[in-house]
Amino acid sequence: MKVSKLTDTIAVTGQISPAQVAEIAEAGFLVLVNNRPDGEEAGQPDSAQIEAAAASAGLTYHHLPVTATDFPGPDAAHMAALFDDESRPVFAFCRTGTRCTNLWVVTRPVEQRQEAVQRAQALGFDLGMAARALV
């Protein structure tokens, strides 16, 4: 699992398996966010499977799916609140980590956004979704 740390308390990655959830909890994360819609890709674990693994590992789980066509989606304010709570480290995933990173960028306060863009670009993320949403 390739993990990208956006901040000290926020990390993103691509699709995870239920077996990897315990490892995420062991790394100190308290919140697990799934930004993928169920059935987006054949063979992808569904939200219920990840949620069960999260409960077993003691993680708070949120299924907040978003796609490129509905980005940033109806739950952007909820994502912002999760990202902003530094007392509860967040581990978010989607297909590649790109959607999660774009959500992080667009939910940053205006005065922090340029720094977030620079961090995301330094990690190699395409910020096309964020650019369209911030127009």
Side-chain angles (χ1 to χ4, degrees):
M1 167 173 45
K2 180 185 177 252
V3 177
S4 296
K5 288 201 66 147
L6 302 178
T7 71
D8 289 340
T9 61
I10 301 169
V12 300
T13 195
Q15 179 65 56
I16 62 169
S17 70
Q20 292 171 310
V21 173
E23 178 183 337
I24 293 164
E26 289 168 9
F29 294 95
L30 300 176
V31 177
L32 181 61
V33 179
N34 176 358
N35 290 131
R36 284 193 91 178
D38 279 342
E40 184 176 52
E41 186 173 61
Q44 151 193 350
D46 65 28
S47 179
Q49 293 171 299
I50 302 291
E51 184 174 22
S56 292
L59 295 173
T60 301
Y61 177 77
H62 298 273
H63 185 214
L64 306 173
V66 64
T67 66
T69 57
D70 73 351
F71 186 86
D75 298 310
H78 190 182
M79 281 296 301
L82 293 170
F83 286 147
D84 291 342
D85 185 354
E86 293 180 356
S87 71
R88 300 189 44 77
V90 173
F91 192 97
F93 72 93
C94 56
R95 189 177 67 80
T96 65
T98 299
R99 264 177 284 190
C100 303
T101 302
N102 276 264
L103 282 166
W104 174 67
V105 168
V106 300
T107 61
R108 297 308 77 218
V110 173
E111 64 275 5
Q112 296 174 10
R113 202 165 288 145
Q114 187 56 40
E115 184 179 339
V117 165
Q118 291 170 348
R119 176 69 180 149
Q121 289 174 332
L123 292 168
F125 286 104
D126 175 348
L127 297 178
M129 286 181 277
R132 287 189 305 274
L134 295 172
V135 175

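The structure presented is a predicted model; accordingly, all values stated were derived computationally and were not measured.
Using a 4.5 Å heavy-atom threshold, the side chains of Asn35 and Met79 count as touching. Two residues are said to be in side-chain contact when any heavy atoms from C-beta on lie closer than 4.5 Å; His62 and Asp75 fail this criterion. Residues Thr98 and Met129 form a side-chain contact, since some pair of their non-hydrogen atoms from C-beta on lies under 4.5 Å apart. Contact of the Thr67 side chain with the Pro37 side chain is registered, since non-hydrogen atoms from C-beta on lie closer than 4.5 Å. When side chains are defined from C-beta on, Pro45 counts as touching Gln15, because their heavy atoms get closer than 4.5 Å. Counting heavy atoms from C-beta on, the side chains of Phe125 and Val105 never come closer than 4.5 Å. Two residues are said to be in side-chain contact when any heavy atoms from C-beta on lie closer than 4.5 Å; Phe91 and Val3 meet this criterion. Residues Val66 and Asn102 have side chains not in contact (no heavy-atom distance under 4.5 Å, counting atoms from C-beta outward).
We find the CG-OG1 distance between Leu123 and Thr101 to be 7.5 Å, quoted to the nearest 0.5 Å. With rounding to the nearest 0.5 Å, the separation of CG in Leu32 from OH in Tyr61 is 6.5 Å. To the nearest 0.5 Å, atoms CG (Leu64) and SG (Cys100) are separated by 10.0 Å. For the atom pair NZ of Lys2 and OG1 of Thr96, the computed distance is 9.0 Å after rounding to the nearest 0.5 Å. Rounding to the nearest 0.5 angstrom, the gap separating the CG atom in Leu127 from the CD atom in Gln118 is 11.0 Å. Between the CD1 atom in Ile10 and the CG atom in Leu82 there is a gap of 9.5 Å [rounded to 0.5 Å].
Hydrophobic clustering (ILVMFWY, side-chain heavy atoms < 4.5 Å, transitive): Leu30 and Ile16 are in distinct clusters. The hydrophobic clustering, which links ILVMFWY residues whose side-chain heavy atoms are closer than 4.5 Å, places Phe71 and Phe93 apart.
When all heavy atoms of Pro72 and Leu103 are compared, the closest pair comes out as O-CD2, 3.5 Å. Taking both residues in full, the closest heavy atoms of Val12 and Gly97 are given as CG2-O, 3.9 Å, listed atom of the first, atom of the second, then distance. The shortest heavy-atom contact between Leu59 and Val31 is CD2-N, 4.3 Å. Summarising the geometry of Ala133 relative to Val106, their closest heavy-atom pair is CB-CG1, 4.1 Å, with the distance given to 0.1 Å. Taking every heavy atom of both residues into account, Ala53 and Pro18 meet most closely at CB-O, 3.5 Å. Nearest heavy atom pair, residue Thr9 against residue Phe29, reads O-CE2, 4.5 Å.
Within the structure, every pair that satisfies the salt bridge (Lys or Arg N to Asp or Glu O under 4.0 Å) test and touches residues 31-51, not counting sequence neighbours, is listed here: Arg36-Glu40, Arg36-Glu41, Glu40-Arg99. Annotation: side chain to side chain donor-acceptor pair (under 3.5 Å) contacts involving residues 79-92, sequence neighbours excluded, comprise Thr60-Arg88, Asp84-Arg108, Asp85-Ser87.
More than 12 heavy atoms of other shown residues, nucleotides or ligands fall within 6.0 angstrom of atom CD in Gln112.
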key: Evaluation steps, side-chain contact (heavy atoms from CB on, under 4.5 Å), between Thr13 and Gln20   = CA-CA 12 Å; Thr13 195; Gln20 292 171 310; over 6 Å; no

